[in-house]
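What's counted below: heavy atoms across the whole structure, side chains too, no hydrogens, waters or symmetry copies.
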Amino acid sequence: MSLALRLAEQGLYTTQPNPRVGCVIVKEGQVIGRGAHLKAGEPHAEVFALREAGEVARGADAYVTLEPCNHHGRTPPCVDALIKAGVKRVVIAMQDPNPLVSGRGQNALLQAGIEVEVGLMEKEAIALNPGFVSVMTQGRPFVRSKIAASMDGKTALSNGQSQWITGAGARQDVQHWRAQVSAIMTGIGTVLADNPSMTVRLEGVSRQPLRIIVDSQLQTPLHCKMLSSERLQQCPLLIAYASDPQKIAEQLIAKGAELLQLPNVQGRVDLNALLQALAQRNITEVLLEAGQGLNGAMQQANLIDEFIFYFAPKLMGSAGHNMLAMDAFTAMSQAVDLQLLDVRQVGQDIRVRAKPVTKI
């Protein structure tokens with residue numbers, strides 16, 4: 001199963017919106033087939049593994065990281081392929097989180113007389129597909145917030161200057177996180193302050209995620225980098241807004257942006273509605289690269305699933321911008337507890353991955 005999970009990682013940058021899945025066929029202690037799902041619309045992992053195994057797959061064991069599908073989509077059901085190949089046992093890491101299909105693949109295998117085991121390395125399989133699980137169970141994408149800060153927790157100087165807090169190693173590391181998501185989201189404050197491109201710049205990776213600007217009052221400059229015709233040809237841009245006081249919506253559309261109006265009662269973008277709309281567009285994972293305003297609003301709405309903090313060995317002073325703009329707490333019980341997932345040095349910086357702990 002460990003090998004199957006490593007095979008699944010081959011689709012880390014390419015399978016969206018499909019899950020990353022690996023499969024290994026074993027007979028008499030020998031691996032006779034390996035497969036990974038690499039791209040939506042192409043054969044699933046089980047098919048590739050069975051092709052490699054050939055007729056020898058009869059009577060073998062199949063290890064697969066996700067419950068085999070039992071429905072017709074872009075490709076035929078993997079359950080049918082496993083039954084036809086004559087495998088005797090299927091070991092599944094995680095059950096399909098889609099309530100409409102969960103358990104059906106297992107039942108079809110059992111009805112065909114195939115032994116089924118579920119749960120081997122389940123946590124690792126879930127961690128490989130957080131977006132797929134989130135969309136199926138919560139109806140919204142999995143959201144990671146990437147924050148680069150100084151050791152005293154500042155993300156920009158008081159005048160807004162922030163380039164560059166972290167070193168080249170950390171900035172390159174961010175490209176890997178960008179490459180594996182369906183969308184990169186930022187706020188209008190970051191666009192106005194930094195004029196970013198928000199693209200993946202990683203050798204060998206051609207797929208570009210959807211870029212999203214949360215811009216309540218439609219202040220996106222018509223000549224910003226994200227609206228350049230060259231970039232729009234490679235990666236689309238969606239601007240979520242609440243109102244258009246400057247009457248520039250038509251000009252932004254003419255430049256090539258897609259606009260989505262989602263006002264809440266405060267006259268700002270309804271962030272919950274935005275994520276739900278993204279899920280309906282098959283967006284499963286979002287990387288949030290924003291300033292303290294949008295980061296704070298997303299956290300207060302409990303919409304951040306994981307943080308990736310990059311701490312640089314710098315001190316930027318008390319007047320700098322904070323990581324998250326949140327309402328003041330009056331008791332320690334209101335503090336947001338985080339569970340550390342990983343801590344490591346990247347170049348001269350420290351990368352900390354953590355997730356908010358849900359309080360009962």
inquiry  = For the backbone of His321 and the side chain of Gln292, can you confirm whether one donor and one acceptor N or O come within less than 3.5 Å of each other?
reply    = no
Verify, without hydrogens or angle tests, whether Gln175 (side chain) and Arg201 (backbone) share a donor-acceptor contact under 3.5 angstrom. yes
Paired with Ile25, the side-chain contact (heavy atoms from CB on, under 4.5 Å) test is passed by just one of Asp61, Val56, Leu50, namely Leu50
**OP:** Using the side-chain hydrogen bond (donor to acceptor under 3.5 Å, both in side chains) rule, take Gln16 and Glu285 through it: C-alpha gap first, then chi angles, then the decisive distance, then the call.
**Re:** CA-CA 9 Å; Gln16 294 89 346; Glu285 293 182 47; 5.3 Å; no
Note: Ala170 and Tyr310 closest approach over all heavy atoms is CB-CD2, 3.7 Å
Exercise. Taking NZ, NE, NH1 and NH2 as the nitrogens, is one of them in Lys146 or Asp173 under 4.0 Å from a carboxylate oxygen of the other?
Worked result: no
Does the side chain to side chain contact (heavy atoms under 4.5 Å, CB included) test come out yes or no for Val352 and Asp342, once each step is laid out? CA-CA 6 Å; Val352 178; Asp342 181 70; over 6 Å; no
Q.
So Asn302 and Thr358, do their side chains get closer than 4.5 Å, heavy atoms only?
A. no
| request: Any chance you could lay out the side chain to side chain contact (heavy atoms under 4.5 Å, CB included) test for Met326 and Gln334, step after step, and finish with the verdict? | output: CA-CA 11 Å; Met326 299 172 64; Gln334 297 173 295; over 6 Å; no
Can a donor-acceptor pair be found, under 3.5 Å and without considering hydrogens, that links the side chain of Gln345 to the backbone of Gly347? yes
inquiry  = What verdict does the side-chain hydrogen bond (donor to acceptor under 3.5 Å, both in side chains) test give for Gln208 and Thr199, after you've listed the backbone C-alpha separation in whole Å, the side-chain angles of each residue and the deciding distance to 0.1 Å?
reply    = CA-CA 7 Å; Gln208 291 287 342; Thr199 55; 4.8 Å; no
Open item on the list: The test is side chain to side chain contact (heavy atoms under 4.5 Å, CB included); show your working for Leu66 and Asn129 and say whether it passes.
Closed with: CA-CA 10 Å; Leu66 177 68; Asn129 288 299; 5.7 Å; no
Original post:
Are any of the side-chain heavy atoms of Val47 and Arg51 separated by less than 4.5 Å?
Top reply: yes
Discussion item. Quick one, Leu294 with Thr186, criterion side chain to side chain contact (heavy atoms under 4.5 Å, CB included). Give me CA distance, side-chain angles, the key distance, then yes/no.
Written reply: CA-CA 8 Å; Leu294 184 54; Thr186 193; 5.7 Å; no
Heavy-atom check, side chain of Met94 versus side chain of Thr65, under 4.5 Å: no
For the backbone of Asp194 and the side chain of Lys225, can you confirm whether one donor and one acceptor N or O come within less than 3.5 Å of each other? no
Taking the side chain from Asp96 and the backbone from Asn98, do they hold a donor-acceptor pair closer than 3.5 Å? yes
NZ (Lys355) with more than 12 external heavy atoms under 6.0 Å: no
Nearest heavy-atom contact between Phe307 and Pro356 is CE1-CG, 3.8 Å
When you check the side-chain N and O atoms of Arg89 and Tyr63, is any donor under 3.5 Å from an acceptor?
yes
Check: Does atom CD of Glu117 have more than 12 heavy-atom neighbours from other groups under 6.0 Å away?
Finding: yes
query: Distance-only, no hydrogens or angles: does the Thr284 side chain make a donor-acceptor pair with backbone N or O of Pro141 under 3.5 Å?
result: no
Worksheet item: Any cation-pi pair here, Arg171 with Trp164, using under 6.0 Å and within 45°?
Response: yes
Between Pro209 and Cys235 the two heavy atoms that sit nearest each other are O-CB, 3.8 Å
Check your understanding: Under 3.5 Å, is there a donor-acceptor pair linking the side chains of Asp215 and Thr220?
Key -> yes
- Is atom CD of Glu28 surrounded by more than 12 heavy atoms (other residues, nucleotides or ligands) closer than 6.0 Å? no
Heavy-atom closest pair (Ala312 atom, Ile165 atom, distance to 0.1 Å) is CB-O, 3.2 Å
For Met198 and Thr190 the tightest heavy-atom approach is CE-CG2, 4.4 Å
Correct closest heavy-atom pair for Asn264 and Val269 would be ND2-O, 3.6 Å
_Could you check whether Arg353 pairs with Glu306 (Lys NZ or Arg NE/NH1/NH2 to Asp/Glu carboxylate O, under 4.0 Å)?_
yes
Any side-chain heavy-atom pair of Met136 and Ser102 under 4.5 Å:
no
With Val143 as partner, the option from Val286, Leu271, Leu287 fulfilling side-chain contact (heavy atoms from CB on, under 4.5 Å) is Val286
